[in-house]
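Note: hydrogens, waters and symmetry copies are ignored here, and every other heavy atom, side chains too, is used.
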Amino acid sequence: MTATTQRAEPNSAQAPQQHFPCEECGADLVYQPGIRILRCTYCGHENPIVDVPIKIKEYSFSAALEALEQSEKRPLDHTPVIKCPNCAASFELKQNQHSGDCPFCGTPVVTGTEQTRLFQPKSLLPFNITEQQARAAFEKWIGQLWFAPSALKNKAKRDERLLGIYVPYWTYDSHTDSHYQGQRGTVYYEQQVVTEVVNGQTRQRVVNVPKIRWTPVSGTVRQFFDDVLVGATRSLPRKILDNIQPWDLDQLVNYNQAYLSGFQSEIYQVDLDEGFNQARELMDQAIRQAVRQDIGGDQQQITALDTRYSDTTFKHILLPVWSAAFRYQGKTYRFVINGRNGRTQGERPYSIVKIVALSLSMVVLMLGLGYYLETSGVLEQVLQQGGGGGLQYEYYPSTPSYPSYPNYPR
């Protein structure tokens, strides 16, 4: 994603708490996924959300690190006290959240993050699928699980409740120069005479045996990484968040609190520099694949690799997920649904009965096959013909493959 680079400066001004009352009846408006309006659930009045067409900015990573060193960050467990703009009640948002509902009157309240974190979200992807669509995606996911307990498909027993949350993420862009040393392996074949027994007769034949010739190599690989995505929350497992990709980051809009009305939103818990370390792990995988491709040959070995990062930029964004948990036999399982495309991932139980039944079926099948081969004489014929002697060789050279990350350069 092409974007201009700006210096990251901490925002010290307290952002006002906001809610969005209906102009007709005074009830609270909440964001409606997919149609970009605020709709009153009482009288049906709608207010459109107007997105200002401003280019999404990238911010200097090095300048942000300097700002972090000079700032006095508040502790991670700082919880702001919120005064409801509707009923004037005071309450606390849950730890690491900055939007939610007033527990006394239900008013959706959105507050700024300036008092708890140095960097504020500048862009987001609005929810695109409704709660009903998310629930349908979850039911489809449940139905496709292998070895899932049959009772898991009973909606009444699961009793899960979906919750719409904007999850904080970092994205990183960076130019890399990677100098490597290694070896290129070239496969060649040598002829070798082998002895085998066929139909009781001993005979010799010539086979080709693969060998590898190694040649020292070195070089430099240059790459540009665009929007390497790292989750900045600790509330949900990283593995689950990684598996609900892809995200249509080209559809990012500038941060607008109207999109958060009626939803929860988290404050980042993974700091900027820690997130970049995770991004480097992802970039390193792609760099190694590119180095192997640059080495060429049939096999590759990397003995030394030195990567330098330059012109690194970042964005702090919010991405929408539907999240919930269900209980099964006294244990809680969490799952997450991508709020843009419905892709679902999560924790799940296994049916021991189904797994044992399949294992027993496989054992019975193998015993039956062995009995058939023995009684029909097929097994004896195969052994007499030298089957399974292991004297013939086939070679399959390795081919480089890229990780599934969608924005890696090819």
Side-chain angles (χ1 to χ4, degrees), residues 33 76 94-97 99-100 121 124-149 152-153 155 158-172 227-249 252 263-271 274-283 285 315-351 403-408:
L76 294 180
K94 292 182 180 180
Q95 181 179 342
N96 298 313
Q97 291 182 358
S99 72
L124 58 82
L125 285 177
F127 274 89
N128 195 43
I129 64 173
T130 64
E131 181 178 354
Q132 291 74 20
Q133 292 171 322
R135 193 172 297 280
F138 172 68
E139 295 298 337
K140 181 179 179 181
W141 177 72
I142 283 286
Q144 295 175 341
L145 293 180
W146 284 72
F147 303 118
L152 195 61
K153 299 180 181 180
K155 300 179 184 179
R158 292 199 312 265
D159 192 31
E160 73 277 351
R161 178 178 176 271
L162 286 178
L163 182 66
I165 306 174
Y166 282 95
V167 178
Y169 278 80
W170 302 108
T171 75
Y172 299 92
D227 282 347
V228 179
L229 193 64
V230 174
T233 178
R234 301 190 194 277
S235 303
L236 295 169
R238 178 180 172 184
K239 182 178 180 180
I240 293 180
L241 290 178
D242 289 345
N243 287 335
I244 62 172
Q245 296 188 51
W247 294 96
D248 51 336
L249 297 182
L252 282 169
F263 294 89
Q264 291 191 9
S265 179
E266 281 197 337
I267 301 171
Y268 68 86
Q269 302 164 59
V270 175
D271 285 330
E274 181 183 354
F276 183 65
N277 289 335
Q278 296 181 19
R280 287 180 59 170
E281 294 177 7
L282 298 174
M283 287 186 275
Q285 296 176 25
K315 295 191 300 292
H316 177 30
I317 65 176
L318 299 178
L319 299 182
V321 303
W322 291 100
S323 176
F326 61 88
R327 292 185 63 81
Y328 178 77
Q329 293 187 347
K331 185 176 180 181
T332 300
Y333 299 88
R334 293 173 296 177
F335 63 91
V336 173
I337 303 166
N338 186 313
R340 298 287 293 180
N341 56 32
R343 183 176 176 86
T344 306
Q345 291 291 319
E347 302 165 333
R348 45 78 53 91
Y350 289 86
S351 172
S404 60
Y405 191 81
N407 291 320
Y408 283 152

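- Here the CG-CG distance, from L125 to L318, works out to 9.5 Å after rounding to the nearest 0.5 Å.
- Nearest heavy-atom pair across H316 and P121 is CD2-N, 3.2 Å.
- With values rounded to the nearest 0.5 angstrom, N338 atom CG is found 12.0 Å from N243 atom CG.
- Exactly one residue among I129, V321, I244 makes a side-chain contact (heavy atoms from CB on, under 4.5 Å) with I337. That residue is I129.
- The shortest distance between side-chain heavy atoms of L319 and L241 does not fall below 4.5 Å.
- The OG1 atom of T233 sits 8.5 Å away from atom OH of Y169, with the distance rounded to the nearest 0.5 Å.
- A search for side chain to side chain contact (heavy atoms under 4.5 Å, CB included) contacts involving S323 returns I165, L236, V336, not counting sequence neighbours.
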task = Under the side-chain contact (heavy atoms from CB on, under 4.5 Å) rule, what do F335 and L162 come out as? Steps first, then yes or no, please.
result = CA-CA 10 Å; F335 63 91; L162 286 178; 3.8 Å; yes

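- When all heavy atoms of A279 and V228 are compared, the closest pair comes out as CB-CG1, 3.9 Å.
- Taking the side chain as every heavy atom from C-beta outward, N128 and P33 never approach each other to under 4.5 Å.
- Side chain of R340 to backbone of P126: a donor-acceptor contact under 3.5 angstrom is found.
- Centroid-to-centroid, the aromatic rings of W170 and Y268 come within less than 6.0 Å.
- In this structure, P237 and R334 approach most closely via the heavy-atom pair CG-NH2, 3.3 Å.
- In this structure, G339 and W247 approach most closely via the heavy-atom pair N-CH2, 4.3 Å.
- The two residues G342 and A137 make their nearest non-hydrogen contact at O-CB, 3.4 Å.
- A salt bridge links E274 with R234; the closest basic N to acidic carboxylate O contact falls under 4.0 Å.
- In terms of modelled atom types and a separation under 3.5 Å, the side chain of R343 and the main chain of Q245 share a donor-acceptor contact.
- Listed by chain and number, the residues in a salt bridge (Lys or Arg N to Asp or Glu O under 4.0 Å) with R280 amount to none (sequence neighbours excluded).
- Partner Y172 forms a side-chain contact (heavy atoms from CB on, under 4.5 Å) with one of V230, D227, L229 and no other, that one being V230.
- Not a single donor-acceptor pair under 3.5 Å links the side chain of Q278 to the backbone N or O of G275.
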